[in-house]
Engineer: 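Quick one: the structure is below, questions incoming.
Counting starts at 1 for both ligands and their atoms, following the listed order. Along the sequence shown, residues carry numbers from 1. What's counted below: heavy atoms across the whole structure, side chains too, no hydrogens, waters or symmetry copies.
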Amino acid sequence: MDLSAGLAMVAIPGPTILPDAVRAALARPMPNIYDGPLIETAERLVARLPDIAQTSGRAFVAGGNGHAAWQMALSNTISPGDRVVVLESGRFAVLWGDYAAALGAEVEVIAGDFRSAVDPEALASRLADDDGSIRAVLVAHTDTSSSVRNDIAAVRTAMDQVGHDALLMVDCIASLGCEEYRMDEWGVDVTVAASQKGLMCPPGLGLVWANDRAIERYRSRSGQAVGYFDWGPRLEPRGFYDTFSGTPPVPLIHALDVALDLLEAEGGLEAVWARHEVLATAVRAAVAAWAAPEGIEFNITDPEHRSNAVTTVRTGSIDAEECRRRCEEHGGLTLGIGTIEAPGRSFRFGHMGHLNPPMILGTLATTEAALVSMDAPLGGSGVAAAAAEVAAGFSG
Ligand SMILES: *Cc1c(COP(=O)(O)O)cnc(C)c1O
């Protein structure tokens, strides 16, 4: 029976659900781009962005998605022939590394296994052997395929241990606005993100933050970024038109400005991180309660490294695609597809962005209903366990 009438719940790990205020901002008429309020809004937005990554560095805004941000970050800092080390813990850092290779870098992947975090010690021992040719280390904060959360401060500590001066470049596309992230304190040189995940906007903006070391590298590199992605004109804009390399992506600027207002109104980043932590804990409580031999289990084995933005669930003998189909067709709930190995044997809960207890508890209860309807082997009900975590959040 189709019970899906009502609000559709899309629980994929991006694009995420848009707040009404963001949707309204997107519908504003196009303003004059040479004069007037847009200029003020756009300048305010660029000035507010460093705080979102907890840095005093520069923020750059590109029309484009996360891949565009990847490219902007690399093409301004990497020269052909540079050696780049990629720390694997899922798909994304490796794909980012492919862009570095396309730009002429010698890319070396420190292999990971998709079920655990990157190993800072393995990086330290590789860097200890280096003759100075390694110029950058690429890592994802949260890898959205495996749902791991890597310890970025520990990666920097490993680099410092061996006194290596490679740039540390971090993909925060899934984690920014969801997970605690402190670019300056953790010693990150370049951060990339995009508009459509924790930042609660549609896809279309690639965001890059760079500290002084990264800007210095930009000035001394042997040249890659040209035209639109080049930091040069954006660093010393003769006006608003240079800040965005031409006509700005106006609706997205309006949207992101409003989204940042929402984060502020909630009490700032710390409050937003705390909400994600409670809701992610509820998801994990449900998964732990469902877990059973031949059935549900966490993809990430170490609880310390499970992301607060996305959870990859392995389903053992249970047909994950059938579960997703039942959720969607009968329940109005869209779950994320599994992107780890073993096709059809995993799915993902996106729990990033504009999300509250009815949305997350509804998601978990609907998923449980689908699993029960399939006679899936379940250790127990996850709904009560999830509600208990939300209850703890109510009184916390
Ligand atoms: C979504 C995502 C990307 C890709 O972003 P696009 O906007 O699709 O280019 C890259 N890295 C991570 C960690 C992501 O979650």
Engineer: In this structure, are over 12 heavy atoms from other groups packed under 6.0 Å from Glu341 atom CD?
Structural biologist: yes

Engineer: If the plane angle is over 60° it's perpendicular, under 30° parallel, otherwise tilted; pick one for Phe349 and Trp290.
Structural biologist: tilted

Engineer: Is the closest basic N to carboxylate O distance between Arg149 and Glu277 below 4.0 Å?
Structural biologist: no

Engineer: Over all heavy atoms of both residues, which pair between Ser147 and Val310 is shortest? Give the atoms and the distance, please.
Structural biologist: CB-O, 3.2 Å

Engineer: Just list the side-chain donor-acceptor pairs under 3.5 Å for residues 61-70, sequence neighbours left out, or say none.
Structural biologist:
| residue | atom | partner | partner atom | Å |
| --- | --- | --- | --- | --- |
| Asn65 | OD1 | His67 | N | 3.0 |
| Asn65 | OD1 | Ala68 | N | 3.1 |
| Trp70 | NE1 | Asp171 | OD2 | 3.1 |

Engineer: Any carboxylate oxygen within less than 4.0 angstrom of a Lys/Arg side-chain nitrogen, looking at Glu108 and Arg126?
Structural biologist: yes

Engineer: In order of chain and number, which residues sit within 4.0 Å of ligand 1 by heavy atom?
Structural biologist: Asn65, Gly66, His67, Trp70, Phe92, Thr142, Thr144, Asp171, Ile173, Ala174, Gln196, Lys197

